[in-house]
**Student:** 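The following block contains the structure, expressed as structure tokens.
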Amino acid sequence: MAKKVYVGLSGGVDSSVTAALLKRQGYEVIGVYMKNWSKDLPGFSCPWKADYQDAKRVAVQLNIPFKMYDFETQYRQKVVDYMINEYIAGRTPNPDIMCNQEVKFKLFLDTALSDGADLIATGHYARVVKPKTKNQKMGLFMAKDKVKDQTYFLYRMTEAALNKTLFPIGELKSKAEVRSLAKMFGLVTAHKKESMGICFVGKVGIRDFLVNELGPQETGSIIDQNDKIVGQHDGSIFYTIGQRHGLNTGGGLPYYVTAKDMHHNKVYVTTKLNDENLWQKQLKISDLHWINDGPNFKKIYQIRSRHRAPLIHAKLYKDSNSTLKILLEDEIKTISGGQSTVIYDNGMVLGGGIIY
RNA sequence: UUCGGGAUCGUCUAAUGGUAGGACACUGGGUUUUGGUCCCAGCAAUCUAGGUUCGAGCCCUAGUCCCGAAG
């Protein structure tokens with residue numbers, strides 16, 4: 001008897017093709033639209049209805065059952081509130097990593113399983129690799145298409161979730177192949193544009209989002225590497241380390257944010273591209289998460305601290321019981337606290353943590 | 001007050017008396033399931049009033065406003 005797979009249909013091309021491929025492979029496929037956010041914001045209308053309709057159309061085209069899970073309350077609590085609190089604390093969170101951890105591969109997984117699913121699937125560019133021997137565990141691996149790889153967002157998945165998850169898109173060579181499959185299957189989403197911005201919330205600027213949630217912020221000084229005030233900002237929570245635009249500060253050379261002082265509401269910048277505050281060779285991470293086993297401190301791993309950034313060789317050191325120090329082979333542009341560092345072992349995601 | 005120096009896109013700054021250019025910012029687009037980075041395009045200026053000159057950002061005169069030194 002065919003296994004039941006609940007596929008998260010977002011209304012985009014990737015998840016549509018996911019469902020189509022699984023059906024072709026002989027699974028009993030059920031499409032599910034997760035409604036996580038539906039609120040319109042000033043100057044921005046939430047695309048959830050259009051996305052829902054596209055998801056539904058795809059289900060009809062594939063002739064599979066379709067249902068909707070309403071996770072708005074939990075998404076608000078686990079993702080949006082977390083995100084807002086991080087910004088208030090002066091860090092820069094990654095809400096989509098939290099969404100994957102809490103919503104897609106926990107809430108959605110659990111709900112689907114209790115609905116009778118054997119497995120779930122999403123349109124992520126990643127691979128779940130089955131153990132070759134009995135001793136080996138289920139591993140999360142980078143997608144075949146290294147350019148589109150999305151494992152950076154998935155490193156907080158659990159082994160238990162991996163055991164129940166399929167990522168058929170991760171086996172494809174390229175986005176172009178996804179597109180052509182969508183065309184071949186005749187899916188309405190074949191030519192749909194990529195969606196960006198905070199997952200589910202859509203293409204609203206984080207700035208507008210925060211203003212809407214928290215109201216206008218207090219202005220403060222922008223201070224350069226010579227302790228000179230070079231401008232005024234409209235709220236230090238809006239800025240992130242490494243940021244260049246949005247400072248409204250001109251003068252020959254670009255200004256990059258090097259630090260924030262939330263207590264005094266100050267934003268520090270530099271025009272020196274080789275400024276020591278703009279580059280770092282060492283990272284400290286907390287909130288550690290390992291998919292299978294923890295790291296081997298003798299090994300050299302590859303790490304990534306930004307989506308799509310090149311992998312960098314690094315060694316891990318125990319910093320405390322709950323934190324880790326990472327020494328990088330090459331310098332990278334300084335990263336804000338709240339962002340994630342993901343540790344790879346030859347294409348396999350070992351785990352990672354949150355920079356502090 | 002006096003003596004020097006200066007005034008060019010929003011900002012920083014180029015232009016032997018001969019098409020006012022660049023950078024940053026900003027806006028738009030591209031890349032990107034966070035933030036951000038990066039790439040492309042666009043917008044945009046000679047302090048005012050006279051004068052010399054075929055022609056003035058540039059030379060001359062006056063004014064206005066800045067900055068430095070003398071009070």
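The chains referred to below are lettered A, B, ... by the order of the sequence lines, with proteins before strands, and numbering in each begins at 1. All of these numbers come straight from a predicted model, not from anything done at the bench.
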**Student:** Which part of the nucleic acid, if any, lies within reach of A/Lys175 when heavy atoms closer than 4.0 Å are counted: base, sugar-phosphate only, or nothing?
**Tutor:** nothing
**Student:** Given the C1' atoms of B/A25 and B/C43, what is the spacing between them in whole Å?
**Tutor:** 12 Å
**Student:** Rounding to an integer number of angstrom, what distance separates B/A15 and B/G51 when you compare their P atoms?
**Tutor:** 28 Å
**Student:** A/Arg308 or A/Phe153: which one's nearest nucleotide on RNA chain B is closer to the 5' end?
**Tutor:** A/Arg308
**Student:** Determine, for nucleotides 21-27 of chain B in 5'-to-3' order, which nucleotides have protein heavy atoms under 4.0 Å from the base (write B), from only the sugar-phosphate (write S), or from neither (write -).
**Tutor:** --BBSS-
**Student:** Taking atom C1' in both B/A45 and B/A23, what distance in whole Å separates the two?
**Tutor:** 15 Å
**Student:** Base, sugar-phosphate, or nothing for A/Tyr256, non-hydrogen atoms under 4.0 angstrom?
**Tutor:** sugar-phosphate
**Student:** Across all strands, who's sitting opposite B/G35 as a Watson-Crick or G-U wobble pair, both distances under 3.5 Å?
**Tutor:** none
**Student:** For B/G22 versus B/A56, give the span between their P atoms, rounded off to a whole number of Å.
**Tutor:** 23 Å
**Student:** Would you measure the distance from the P atom in B/A20 across to the matching atom in B/C47 and give it in whole Å?
**Tutor:** 15 Å
**Student:** Could you work out the separation of B/C58 and B/U1 based on their P atoms and round it to a whole Å?
**Tutor:** 28 Å
**Student:** Can you tell me the distance, in whole Å, between the CD1 atom of A/Ile355 and the P atom of B/G36?
**Tutor:** 16 Å
**Student:** Nearest to the side chain of A/Asp96 - B/G35, B/U32, B/U34?
**Tutor:** B/U34
**Student:** Is it true that A/Ser174 and A/Asp145 share a donor-acceptor pair across their side chains at a distance under 3.5 Å?
**Tutor:** no
**Student:** Quick one: which of B/U32, B/U37, B/U34 gets closest to the side chain of A/Lys333?
**Tutor:** B/U37
**Student:** Does the side chain of A/Glu72 come under 3.5 Å of the side chain of A/Ser38 through a donor N or O and an acceptor N or O?
**Tutor:** yes
**Student:** With both distances under 3.5 angstrom, what nucleotide forms a Watson-Crick or G-U wobble pair with B/C65?
**Tutor:** B/G6
**Student:** Could you tell me the separation between the NZ atom of A/Lys272 and the CG atom of A/Asp224, rounded to the nearest 0.5 Å?
**Tutor:** 11.0 Å
**Student:** Only one of A/Arg308, A/Arg127, A/Arg304 clears salt bridge (charged side-chain N to carboxylate O under 4.0 Å, His left out) with A/Asp149; which?
**Tutor:** A/Arg304
**Student:** So, is the end of the A/Lys56 side chain (NZ or CZ) under 6.0 Å from the ring centre of A/Phe66 and within 45° of the ring's axis?
**Tutor:** no
**Student:** What I want to check is whether the side chains of A/Thr323 and A/Ser286 have a donor and an acceptor closer together than 3.5 Å.
**Tutor:** no
**Student:** Work out how far the C1' atom of B/G30 is from that of B/A14, and round it to whole angstrom.
**Tutor:** 31 Å
**Student:** Mind checking A/Tyr152 for me? I need base, sugar-phosphate or nothing, with any heavy atom below 4.0 Å counting as a touch.
**Tutor:** base
**Student:** Keeping to residues at least two apart or across chains, list the ring-ring contact (aromatic ring centres under 6.0 Å, His included) pairs with something in residues 145-185 of chain A.
**Tutor:** A/Phe105-A/Phe167, A/His124-A/Phe167, A/Phe153-A/His307
**Student:** When the C1' atoms of B/U8 and B/A41 are compared, how many Å lie between them, rounded to an integer?
**Tutor:** 24 Å
**Student:** Paired with B/U1 by Watson-Crick or G-U wobble geometry, both distances under 3.5 Å: which nucleotide is it?
**Tutor:** B/A70
**Student:** Report the residues that fulfil side-chain hydrogen bond (donor to acceptor under 3.5 Å, both in side chains) with A/Asn94, sequence neighbours left out, ordered by chain and then residue number.
**Tutor:** none
**Student:** Checking base pairs now: Watson-Crick or wobble, both atom distances under 3.5 Å. What partners B/U53?
**Tutor:** none
